[in-house]
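Working notes for the structure below.
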Amino acid sequence: MDCLFCKIVAGDIPARKFYEDEQVIAFHDIHPQAPVHFLLIPKKHIRTFNDLEEDDKALLGHITYTAQRLAKELGCEGGFRMVMNCNPLAGQSVYHIHMHVLGQRQMAWPPG
Ligand code: AMP
Ligand code: ZN
């Protein structure tokens, strides 16, 4: 499959991966937007949030739970942001769903 993040899951493209379990991997974003900026992705290929199915609910819960656990491990318990972009209008550029986790700087609201 011609998907950048599937290739990272398979190990065909290098990434600064720092966490893996049966369902997800986490790696540092190649263009970090904060001192801590990592991506948490399912190993399963899901193109966008619009493609989620009922059976994916537990997987999304696992991603959310793991995101906060890893954020704390990286010293972000004082505040962090989790972002999931869906489709070009929201700024999605890689079509394999991913949660951004950003921390260790002041965030603004609303996002641009
Ligand atoms: P989005 O724009 O929400 O789809 O986010 C995609 C993210 O993937 C961006 O923050 C990119 O910097 C990041 N990214 C793209 N290619 C790589 C890569 N090879 N390794 C790590 N992060 C990447
Ligand atoms: Zn994929």
Side-chain angles (χ1 to χ4, degrees):
M1 184 180 297
D2 192 25
C3 168
L4 176 66
F5 285 177
C6 281
K7 287 177 183 161
I8 287 177
V9 169
D12 294 339
I13 288 180
R16 290 176 57 215
K17 188 170 78 176
F18 65 96
Y19 176 80
E20 174 169 15
D21 63 30
E22 325 77 58
Q23 298 180 84
V24 301
I25 64 168
F27 52 94
H28 297 284
D29 197 292
I30 202 165
H31 295 303
Q33 301 302 315
V36 170
H37 183 181
F38 67 86
L39 302 175
L40 191 53
I41 74 170
K43 289 183 171 176
K44 173 185 175 184
H45 181 81
I46 302 172
R47 193 172 173 277
T48 78
F49 261 64
N50 288 336
D51 301 305
L52 286 176
E53 295 173 354
E54 179 96 31
D55 282 354
D56 298 321
K57 283 163 75 175
L59 174 60
L60 267 291
H62 181 64
I63 288 172
T64 307
Y65 179 80
T66 306
Q68 60 80 30
R69 198 162 65 72
L70 296 177
K72 285 180 194 157
E73 281 179 15
L74 294 180
C76 298
E77 60 284 342
F80 58 91
R81 180 168 290 178
M82 300 182 287
V83 177
M84 304 182 91
N85 297 320
C86 181
N87 274 335
L89 199 57
Q92 186 176 2
S93 61
V94 177
Y95 283 80
H96 176 133
I97 63 167
H98 47 280
M99 177 178 280
H100 295 257
V101 181
L102 302 105
Q104 292 187 355
R105 74 162 166 82
Q106 182 63 52
M107 300 289 162
W109 191 263

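All ligand and atom numbering here is 1-based and tracks the order in the structure. The first residue of the sequence shown is numbered 1, and numbering continues consecutively from there. Everything numeric in this text was worked out from a predicted model, so none of it was measured.
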I'd like the atom pairs linking ligand 1 to the protein - N or O on both sides, separation under 3.5 Å - with distances to 0.1 Å.
unit_1: ligand 1; atom_1: 2 (O); unit_2: G91; atom_2: O; d: 2.8
unit_1: ligand 1; atom_1: 2 (O); unit_2: S93; atom_2: N; d: 3.3
unit_1: ligand 1; atom_1: 2 (O); unit_2: S93; atom_2: OG; d: 2.8
unit_1: ligand 1; atom_1: 3 (O); unit_2: N85; atom_2: ND2; d: 2.8
unit_1: ligand 1; atom_1: 3 (O); unit_2: H98; atom_2: NE2; d: 3.0
unit_1: ligand 1; atom_1: 3 (O); unit_2: H100; atom_2: NE2; d: 2.8
unit_1: ligand 1; atom_1: 4 (O); unit_2: S93; atom_2: N; d: 2.7
unit_1: ligand 1; atom_1: 4 (O); unit_2: S93; atom_2: OG; d: 3.3
unit_1: ligand 1; atom_1: 4 (O); unit_2: V94; atom_2: N; d: 3.0
unit_1: ligand 1; atom_1: 4 (O); unit_2: H98; atom_2: NE2; d: 2.9
unit_1: ligand 1; atom_1: 5 (O); unit_2: H98; atom_2: NE2; d: 3.0
unit_1: ligand 1; atom_1: 5 (O); unit_2: H100; atom_2: NE2; d: 3.1
unit_1: ligand 1; atom_1: 10 (O); unit_2: D29; atom_2: OD1; d: 3.2
unit_1: ligand 1; atom_1: 10 (O); unit_2: D29; atom_2: OD2; d: 2.5
unit_1: ligand 1; atom_1: 12 (O); unit_2: D29; atom_2: OD1; d: 2.5
unit_1: ligand 1; atom_1: 22 (N); unit_2: I30; atom_2: N; d: 3.2

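A centroid separation of less than 6.0 Å is found between the aromatic rings of F27 and F5.
Take H96 and apply the ring-ring contact (aromatic ring centres under 6.0 Å, His included) test, not counting sequence neighbours, and it matches H45. Scanning for ring-ring contact (aromatic ring centres under 6.0 Å, His included) contacts around Y19 gives an empty result, with sequence neighbours left out.
Across all their heavy atoms, Q33 and H37 have their closest contact at N-ND1, 3.0 Å. Nearest heavy-atom pair across N85 and Q92 is O-OE1, 3.4 Å.
At a threshold of 4.5 Å between non-hydrogen side-chain atoms, the residues C76 and Q104 count as touching. Taking the side chain as every heavy atom from C-beta outward, N87 and Y95 approach each other to under 4.5 Å. Using a 4.5 Å heavy-atom cutoff, the side chains of V94 and L39 are not in contact.
Protein atoms of type N, O or S found under 2.8 Å from the Zn ion (ligand 2) total 4.
The pair R16-D29 fails the salt-bridge criterion, with no side-chain N (NZ, NE, NH1 or NH2) lying under 4.0 Å from an Asp/Glu carboxylate O.
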